[in-house]
There are 2 protein chains.
Amino acid sequence: MVSPVGVPVATLKRLPLYLKLIKEASSRGLAWISSEDLAQKLGLGAIQVRKDLSGLGIVGSPRRGFPVEDASRAIAACLGGDNSSDLFLVGAGELGRAILADRGIGLQGFNLVAVFDRTPERYYGLGLDVMPLSKMGDLAARMGVRMAVLAAGHEWAQEGADAIVAAGLAAALDLSGLPAIFPPEIAVSRVNLGADLAYLSGLIGPGRAAAR
Amino acid sequence: MVSPVGVPVATLKRLPLYLKLIKEASSRGLAWISSEDLAQKLGLGAIQVRKDLSGLGIVGSPRRGFPVEDASRAIAACLGGDNSSDLFLVGAGELGRAILADRGIGLQGFNLVAVFDRTPERYYGLGLDVMPLSKMGDLAARMGVRMAVLAAGHEWAQEGADAIVAAGLAAALDLSGLPAIFPPEIAVSRVNLGADLAYLSGLIGPGRAAAR
DNA sequence: TAATGTGAATTGTTTCACAGCA
DNA sequence: TGCTGTGAAACAATTCACATTA
C-alpha cells in the first residue's frame, strides 16, 4: 500500500522515529547524520534507512551522511507539518488522564486540545474541562481538529468510536483494545499492549528462563 | 521473517486479536465463529483470517465457520499458552502506575508480578512494592519471568533497558518512546503514541482526504 | 575510504480464483 | 448456497551487490 504522497506505509511508520532522532541531532548542533547512526539507534538496517530517506528525496553526501536540516524539513513536510497536531482525547479515565499527564508516554509535539467523555460529570472538580461526546462535532469544525485518541474503557469504546466518526474526524488512535470498529474512510491506528505482549510471548516461544 | 513455530510474523501479530474475539464468542456460548465475522470486527479481509487460522492447523467447517474451542486452544498454544504471562514492570512513574491501575489499557491476562525503578525510594508508602533495578536478574531467575514492560521516563529509559538485558529477559515491550536500544537477541516491541499519531497525520495528509 | 545511491534479487504478505464440502 | 481451503499470482518490503562520489 502506498500513502497519498507516494510513500510506502512501512516507511511512513518509521518517519516519525527518524524525525525525532534528527531533531535531537540538530539540537545538539550537528549538521550531518549518517544512516548507520540512525539505523543503529533504531535497531534497523542502514540500507533501509537510506532507502526510506531517498524515497523522500533527501540526498546525503558520502563521508558525511544526511544533512540534518534538509532531512528534518522533508520528513516534517511528509508527515503533514504541524498541520494536524491538534487532537481530541476521548475518555478521561485512568488511561486518558495518564496520557494527559504525559510522563513518558510521549505525545511528542501533539496537542490535546479538548477532552470528551461519556460521563463528563464524573470529572468535575478535577481541574479538567471534560465535555460530553455530543459536543465533539461542533468543536472539531470550529477548531479544525481532525484526529482523536480513543482512550475509553471497554464499556463504551464503541460509543466513543461512533462519536469520533459522527464528528467527522479523519483519523483515530485507538487505545481501547477492543478494538473499536471504524468505517474504512477513517484512518485508524491501534495500540493494544495485551496483544503486543502476546505477540512477544509467541515470538520467544515456550522456552524456559533466558540464560546468561 | 518466520517465528520459531513457523508462523509468519504478520499473522502472529493478529493472533491475540483473534483470540480475544474468539474467547468472547466462547463466553457467549457460541460454538462456531466465521472468518467473515472475525474479519469484520477487526477491519481485515476474511480470506486473510482464513489463511491465518489455517496456518495454525485450525480447520473450520463450511456453513458454520471455525470451532471456537479448537481455535482458542490452538491460538493460545501458539502464543505460548499462559507460560509467559508473568511480567516485570520497569518504571513506576505516571505511565507505569497507569498500566498497573489498568483501566482500559488492557494487559489482558498478563500479570505484573514485580515493579522496578531507578529510584524505588520515591514510591515508598504508595502501597507499591518497588524494587531497585539491580534486583531484577535475581528475581527473573527465581520466578522464571522472561518479559518486561519498559515504562521508564526518557531520563533513564536506556538504563532500564540495560537492566532488562542484564537480567537475562527474553522480550521487552518498550513504551519509552526513545526508543531504547536492545541487543538483537532480545525480542522487542515498541509502542510510541507520538510516532503513531505522526504516522496517522501523514496518512490523512494535509488536505481532507482520508486513505487506508 | 567511509559514506551514499540504486537496480535487481529475495523474501514476506496479501489477494485472487476457484475447488470442495455440508 | 454459504462457507472453508489452497495453490498461484500479485504486490510490498527488505536486502544484496556493487557503482559512485566527496
Side-chain angles (χ1 to χ4, degrees), chain A residues 1-15 17-18 21-22 25 30-71 74-75 78 184 199 202-203, chain B residues 1-15 17-18 21-22 25 30-71 74-75 78 184 199 202-203 211-212:
Chain A
M1 187 198 183
V2 153
S3 85
V5 224
V7 181
V9 212
T11 296
L12 200 48
K13 285 184 185 165
R14 286 186 293 263
L15 290 185
L17 306 174
Y18 298 149
L21 290 177
I22 287 171
L30 299 175
W32 304 89
I33 191 165
S34 78
S35 58
E36 287 288 355
D37 196 354
L38 289 170
Q40 194 266 337
K41 290 203 170 94
L42 296 171
L44 305 170
I47 315 174
Q48 185 166 74
V49 174
R50 289 207 293 278
K51 263 266 155 71
D52 284 344
L53 296 187
S54 107
L56 290 199
I58 303 166
V59 300
S61 149
R63 290 218 47 140
R64 287 181 292 187
F66 291 87
V68 160
E69 292 312 325
D70 285 9
I75 297 175
C78 180
Y199 157 70
L203 253 195
Chain B
M1 187 191 184
V2 152
S3 85
V5 223
V7 181
V9 200
T11 297
L12 199 50
K13 286 184 186 166
R14 285 186 293 263
L15 290 186
L17 306 174
Y18 298 149
L21 290 177
I22 287 172
L30 299 175
W32 304 88
I33 190 164
S34 78
S35 57
E36 288 289 354
D37 196 355
L38 289 170
Q40 194 265 339
K41 290 203 170 93
L42 296 171
L44 304 171
I47 315 173
Q48 186 165 71
V49 174
R50 289 206 294 276
K51 260 270 153 71
D52 284 342
L53 296 186
S54 107
L56 290 199
I58 303 166
V59 300
S61 148
R63 288 218 52 137
R64 287 180 293 186
F66 291 88
V68 159
E69 292 312 325
D70 285 9
I75 297 175
C78 180
Y199 157 71
L203 253 195
R212 238 157 77 106

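Order of the sequence lines sets the chain letters (A, B, ...), proteins ahead of strands, with each chain counted from 1. What's counted below: heavy atoms across the whole structure, side chains too, no hydrogens, waters or symmetry copies.
Spacing between atom CZ of B:R50 and atom P of C:dT14 amounts to 15 Å, rounded to whole angstrom units. The distance from atom CG of A:L12 to atom C1' of D:dA13 is 14 Å, rounded to the nearest whole Å. Separating the CD1 atom of B:I33 from the C1' atom of D:dC3 is a distance of 14 Å, rounded to the nearest angstrom. Taking atom CZ of residue B:R63 and atom C1' of nucleotide D:dG5, one finds them 17 Å apart after rounding to whole Å. Distance, A:K51 NZ to C:dG7 P: 8 Å, rounded to whole Å. In this structure, the CZ atom of A:R14 is 8 Å from the C1' atom of D:dA13, given to the nearest Å. A:I47 places its CD1 atom 11 Å from the P atom of C:dT4, with the value rounded to the nearest Å. In this structure, CD of A:E36 is placed 14 Å from C1' of D:dT15, rounded to the nearest angstrom.
At D:dA22, none of the side-chain N or O atoms of A:S61 fall inside 4.0 Å of OP1 or OP2 (strictly under the cut-off). In terms of phosphate contacts, A:S35 brings a side-chain nitrogen or oxygen within less than 4.0 Å of OP1 or OP2 of C:dT4.
Nearest-nucleotide assignment on DNA chain D puts the 5′-proximal partner with B:A46, out of B:A46 and A:D52. In this structure, A:S54 and A:R64 both approach DNA chain C, and ranking their closest nucleotides by distance from the 5' end singles out A:R64.
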Q) Hey, mind stepping through A:I58 and A:Y18 against side-chain contact (heavy atoms from CB on, under 4.5 Å) and telling me if it holds? A) CA-CA 12 Å; A:I58 303 166; A:Y18 298 149; over 6 Å; no

(Q) Run A:I75 and A:L53 through side-chain contact (heavy atoms from CB on, under 4.5 Å) and show every step you take. (A) CA-CA 8 Å; A:I75 297 175; A:L53 296 187; 4.2 Å; yes

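The CG atom of A:L42 sits 10.0 Å away from the CD atom of A:Q48 when rounded to the nearest 0.5 Å. Considering CG of B:L17 and CG of B:D52, their distance stands at 10.5 Å, rounded to 0.5 Å.
Between D:dA13, D:dG2, C:dT14, one nucleotide has an atom nearer to the side chain of A:P8 than all others, and that is D:dA13. Taking the side chain of B:Q48 as heavy atoms from C-beta on, and the options D:dT15, D:dT6, C:dT14, the nearest nucleotide is C:dT14.
Residue contacts for A:T11: at a heavy-atom cut-off of 4.0 Å it reaches no nucleic acid atom on any strand shown. The residue B:G65 sits close only to the backbone: its heavy atoms come under 4.0 Å of sugar-phosphate atoms, none of a base.
In this structure, the side chains of B:L21 and B:D37 stay at 4.5 Å or more apart for every pair of heavy atoms.
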